[in-house]
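In what follows, chains are A, B, ... by sequence order, proteins preceding strands, each numbered from 1. Note that the structure is a prediction, hence the values are computed from the model and not measured.
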Amino acid sequence: MIRPVGRDLFARDPRRVARDLLGKVLVRGSNGGRNSDREPLTARIVEVEAYLGENDPAAHSAAGRTLRNEVLFGPPGHAYVYFIYGNHYCLNVSCEPDGKAGGVLFRALEPLTGIEEMARARGVAMRSPRDLRLLTSGPGRLAGAFGVTRARDNGCDMTIASSGLWIGDDGYRPKAVRLSARIGITKAADRKLRYVVAGNPFVSGPRRLAAGL
DNA sequence: ATATCGATTATCT
DNA sequence: GATAATCGATATG
């Protein structure tokens, strides 16, 4: 039993949204440009980062509203997808009420269903259970596994199950959550705005960072 | 296990 | 023209 999380979860400070997204499920349903007779792609959210609308130079919204980042300023619960390093897409969900910027970046997932399709999308072979980490451990990887692109998914409403991409609650709650500095940024790099499920093997990066230290 | 580096392009200065 | 919320390959201990 899984149902979409309500929009009110997203209409808050990204730090609170980030904490509450851990343990929820990202779903690529049959309206995401896929054949409707395939099982949905689902994976549990185990690592996210908060990007604040105010006083956060690392956030894409820091320099004001542009064509690229306008979803971050729009209504909560919508997908913000951007292209980075000429290679990768990254997926965020908009936070804060309409008119105020803020977002949460999805950094790592634990695959649940549709694993073969994810492996095909990533172009990697699953030789051992350890290789599952190659599917969704990292923001570029999880976007690849779910076939996320800006053209397809930017602006998508993630609070309704009829969307191609949405966020569900199946009742699971993480036992423990840890905070650490955000990854891969140069500005405001000291702020502890990365949230991980403690001890989860699918968290991205080196072991000590995976533990949230 | 950690470190370094090249790839490749949308976006902004 | 410079930069970037990354990844995968390679090198080294």
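Straight-line distance from the CG atom of L67(A) to the P atom of dA10(B): 13 Å, rounded to whole Å. One atom, CD of E47(A), and another, P of dA5(C), lie 16 Å apart when rounded to the nearest Å. Going from atom CG of L135(A) over to atom C1' of dC7(C) covers 14 Å, rounded to whole Å. Going from atom CZ of R194(A) over to atom P of dA5(C) covers 16 Å, rounded to whole Å. As rounded to whole Å, 15 Å separates atom C1' of dA5(C) from atom CG of N87(A). Rounding to whole angstrom units, NZ of residue K187(A) and P of dT3(C) are separated by 11 Å. One interatomic measurement links the two molecules: CG of L72(A) to C1' of dA5(C), which rounds to 11 Å at whole-angstrom precision. Note: NE2 (H88(A)) to P (dG8(C)) measures 7 Å, nearest angstrom.
Nearer the 5' end of DNA chain B, as judged by each residue's closest nucleotide, is the contact made by G86(A), out of G86(A) and R150(A). Along DNA chain C, the nucleotide closest to R141(A) and the one closest to R68(A) are compared, and the more 5′ of them pairs with R68(A). Comparing V124(A) and N92(A) against DNA chain C, the residue whose closest nucleotide sits nearer the 5' end is N92(A).
Evaluation of Y85(A) against the base of dA4(C) yields no stacking contact (centre distance < 5.5 Å, interplanar angle < 30° required).
At the heavy-atom level, G140(A) lies under 4.0 Å from the strands shown only through sugar-phosphate atoms. Counting any heavy atom pair closer than 4.0 Å across all strands shown, L105(A) reaches a base atom.
The nucleotide whose nearest atom lies closest to any side-chain atom of F83(A) is, among dT2(B), dA5(C), dA10(B), dA10(B).
The base of dA5(C) sits with one of its N or O atoms less than 3.5 Å from a complementary donor or acceptor on the side chain of Y82(A).
Between R207(A) and dT2(B), a side-chain N or O to OP1/OP2 separation shorter than 4.0 Å is absent. Listed pair R208(A) / dT2(B) meets the phosphate criterion, a side-chain N or O lying under 4.0 Å from OP1 or OP2. For dT11(B), neither phosphate oxygen OP1 nor OP2 lies less than 4.0 angstrom from any side-chain nitrogen or oxygen of T66(A).
E47(A) and S204(A) are linked by a side-chain donor-acceptor pair at a separation below 3.5 angstrom, with hydrogens and angles left out of the test.
E117(A) has a carboxylate O that lies under 4.0 Å from a charged side-chain N of R34(A), or vice versa, which qualifies the two as a salt bridge. Ion pairing between D98(A) and R7(A) fails under the 4.0 Å rule for side-chain N and carboxylate O.
The partner of dC12(B) is dG1(C), judged by Watson-Crick or G-U wobble contacts that both fall below 3.5 Å.
Put simply, L112(A) and L91(A) are part of two different groups of oily side chains (I, L, V, M, F, W, Y) that touch within less than 4.5 Å, one to the next.
A cation-pi contact, defined as under 6.0 Å to the ring centre and within 45° of the axis, is absent between R44(A) and F202(A).
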